[in-house]
Amino acid sequence: MGIKFDYSYAGLTEAELNNKVGQIQLADKTLKEKTGPGNDFLGWYDYPVAYDKDEYARIKAAAKRIQDSCDAFIVIGIGGSYLGSKAVITALTSTFFNEVPGDKRKAPKVYFAGENISGKYMKDLYELVKDQDICVNVISKSGTTTEPAIAFRFFKELLEKKYGKEGAKDRIFATTDKERGALKFLADQEGYETFVIPDDVGGRYSVYTAVGLLPIAVAGIDIDAFMEGGKSGYEEYAAENLEDNACYQYALYRSCLYNRGKSTEIMVDYEPSLRYFSEWWKQLYGESDGKDGKGLFPASVHFSTDLHSLGQIIQDGPKHIFETVVVVDELEDDMTVSHEESDLDGLNYLENRTMQEINEKAFLGTLLAHVDGGVPNGIIRLSKLDAFHIGKLVYFFEKACGLGGYLLGVNPFDQPGVEAYKKNMFALLHKPGYEELTEALEKRLPQ
């Protein structure tokens, strides 16, 4: 029951990996003892076994109330405040979740807002849900992050118009700082139920907290199994030998290929359900590794779809890339190819074969072609696509990311580069306190 990592197609030698075992054991010790850079953001490390059980019970109760009281649930957040829950919900629900009839879905439709500043997106979503019964989960440590704060203004106003202030307060759930910040102040003032973003857990590592768990539970996903998967990862990836620790293997595989001059890791999936898992993975590794001129650039492709667009450049283009493929061994839903008398499409040779079987052969054929083309590959295999295994996969990537950051020599728990665009944006919007920068930036704008 779990996750296996196969690096036999990466062209690495056992000596390369074994030479780094001591380094990764030290990195793991540093994580566990919380003595390295960013150690004040290591609350995620043991969170699957040390989480607040009382708040967890409140999350379940709130999710049930939301399910019973609304047709549409709006999750407002950006970055780690929405990507984790969207990744898990997309992976574990119907591909067309929001279009499934309510009596079969048994959960509200789930929409996301505040992850962009598009007026069109906001108007389209607003018009779609304004006449439905809605609840909102606004997620922000401070309450002043521009994108979610703007979105919350619109939906707070909508709720208060539809239900009045008293009715609105029972439909707004705030996930924020325990004690301070604009959103916490507003929530206390208005009487919203609040959940905590722990001080020692950064956004991209927050899927196991209320940030991820409340939306995941509202979507009808078994969060007990999800947390059990995280606990299993915490226990299994504590092994100190390479052979028994897939997390060590993945972190070292990335490190060795980086040292060989590879600069881009492409995450590959063969299931559309995993599309947003790749998006979450890109944020996790992009913000964690990319510092001091270092780091692998995280990209993603979705096969077989992208084999008809990006497959060519991966196969025959520059050799600065490697691929990591996520494959699911068992999927509950499938279809079988039937027999056609005329066989005009030439597919009768696939008669009685399932689409999963065909997809697996597409994966294997691509693997061999890309390896022959000089592109190293690693394979992450999940036994099943369920809450337990996705919960375990989250921990797999989070721990490997922390280990990899220390191997790289960076602090994997901060993101100083993210602040630069915000400062410039505030100045160009003439936010008070940015006047001096405003003048300098406006001189550089396109004429």
Side-chain angles (χ1 to χ4, degrees), residues 52-78 81-82 85-86 89 98 102-103 105-115 119 121-198 206 209-221 223:
D52 184 328
K53 307 301 188 295
D54 291 335
E55 180 173 71
Y56 185 77
R58 284 201 304 114
I59 289 169
K60 285 186 166 183
K64 182 66 168 63
R65 292 201 307 277
I66 293 166
Q67 290 172 335
D68 291 342
S69 63
C70 73
D71 303 310
F73 181 55
I74 315 298
V75 182
I76 298 175
I78 195 167
S81 294
Y82 93 99
S85 61
K86 186 161 188 173
I89 292 169
N98 286 345
D103 60 336
R105 191 176 59 244
K106 297 181 180 178
K109 291 166 280 189
V110 179
Y111 298 101
F112 292 85
E115 78 275 32
Y121 182 98
M122 179 58 66
K123 181 70 171 176
D124 289 346
L125 179 57
Y126 189 94
E127 291 296 322
L128 179 67
V129 303
K130 69 179 183 180
D131 296 323
Q132 302 180 47
D133 277 325
I134 61 175
C135 292
V136 168
N137 177 207
V138 55
I139 307 168
S140 175
K141 186 78 170 171
S142 64
T144 59
T145 304
T146 306
E147 295 90 340
I150 291 173
F152 183 51
R153 275 204 179 193
F154 287 116
F155 283 106
K156 176 176 176 288
E157 181 183 64
L158 174 61
L159 283 164
E160 290 177 351
K161 282 181 180 177
K162 282 173 68 72
Y163 306 107
K165 267 189 164 293
E166 190 63 25
K169 78 176 179 63
D170 294 328
R171 292 176 172 272
I172 296 173
F173 300 81
T175 306
T176 188
D177 191 90
K178 181 168 63 174
E179 297 177 344
R180 56 190 180 275
L183 181 55
K184 174 61 176 171
F185 177 82
L186 178 67
D188 289 346
Q189 185 180 60
E190 299 293 333
Y192 308 151
E193 182 166 7
T194 60
F195 298 96
V196 175
I197 302 175
S206 66
T209 74
V211 171
L213 290 181
L214 181 59
I216 292 168
V218 169
I221 293 166
I223 60 172

Problem - Lys53 atom NZ: more than 12 heavy-atom contacts under 6.0 Å - result: yes
Exercise for the section: Please say whether more than 12 non-hydrogen atoms of neighbouring residues, nucleotides or ligands are located less than 6.0 Å from OH in Tyr126. Expected result: yes
Fill in the blank from the handout: By side chain to side chain donor-acceptor pair (under 3.5 Å), Lys156 pairs with (sequence neighbours left out) Glu160
Fill in the blank from the handout: Nearest heavy-atom contact between Phe73 and Val136 is CE1-C, 4.2 Å
Determine all donor-acceptor pairs shorter than 3.5 Å in which one atom belongs to a side chain in residues 181-189; sequence neighbours excluded.
from   : atom 1 : to     : atom 2 : distance (Å)
Lys184 : NZ     : Asp188 : OD1    : 3.2

Handout entry: Backbone N/O of Ile197 and side chain of Lys141: donor-acceptor pair under 3.5 Å
Key = yes
Problem - side chain to side chain donor-acceptor pair (under 3.5 Å) partners of Asp133, counting only residues at least two apart - result: Tyr163
Practice task
Quick one: pull up CG in Leu159 and CZ in Phe152 and give me the separation to the nearest 0.5 Å.
Solution key: 8.0 Å
Exercise for the section: Search all heavy atoms of Gln132 against all heavy atoms of Asp71 and return the closest pair with its distance. Expected result: OE1-CB, 3.7 Å
Exercise for the section: Please confirm whether the backbone N or O of Val110 pairs with a side-chain atom of Asn98, one donor and one acceptor, at under 3.5 Å? Expected result: yes
Practice task
To the nearest 0.5 Å, tell me how far Lys162 NZ sits from Arg171 CZ.
Solution key: 8.0 Å
Practice task
With side chain to side chain contact (heavy atoms under 4.5 Å, CB included) as the test, would you mind laying out the steps for Val129 and Phe155 before giving the verdict?
Solution key: CA-CA 10 Å; Val129 303; Phe155 283 106; 3.8 Å; yes
Completion exercise
Interatomic distance, CG@Leu214 vs CD@Glu193, rounded to 0.5 Å, equals 8.5 Å
Fill in the blank from the handout: When every non-hydrogen atom of Ser206 is compared with those of Thr209, the smallest separation belongs to O-OG1, 2.7 Å
Problem - Minimum side-chain heavy-atom gap Val138-Tyr192 below 4.5 Å - result: no
Practice task
Locate the shortest heavy-atom distance separating Lys165 from Glu190; write the atom from each residue and the value.
Solution key: NZ-OE1, 3.1 Å
Completion exercise
Taken to the nearest 0.5 Å, the spacing of Ser85 OG from Ile216 CD1 works out to 6.0 Å
Problem - Heavy-atom pair of closest approach, residues Pro108 and Val218 - result: CG-CG1, 3.5 Å
Practice task
Quick one: do Ile139 and Tyr82 satisfy side chain to side chain contact (heavy atoms under 4.5 Å, CB included)? Show the steps, please.
Solution key: CA-CA 8 Å; Ile139 307 168; Tyr82 93 99; over 6 Å; no
Fill in the blank from the handout: Between the CG atom in Leu125 and the CZ atom in Phe154, the distance rounded to the nearest 0.5 Å is 11.5 Å
Problem - Side-chain donor/acceptor of Asn137 to backbone N/O of Phe173, under 3.5 Å - result: yes
Problem - CA sep, side-chain torsions, deciding dist, call: Leu213, Phe195, side chain to side chain contact (heavy atoms under 4.5 Å, CB included) - result: CA-CA 10 Å; Leu213 290 181; Phe195 298 96; over 6 Å; no
Problem - Closest non-hydrogen atom pair between Gly143 and Ala149, with its separation - result: O-CB, 3.8 Å
Exercise for the section: Answer yes or no: is there a donor N or O on one side and an acceptor on the other, between the side chain of Thr175 and the main chain of Val196, under 3.5 Å? Expected result: no
Handout entry: Residues Lys123, Glu127: salt bridge by 4.0 Å N-O rule
Key = yes
Fill in the blank from the handout: OG of Ser81 to CD of Glu115, rounded to nearest 0.5 Å, is 11.5 Å
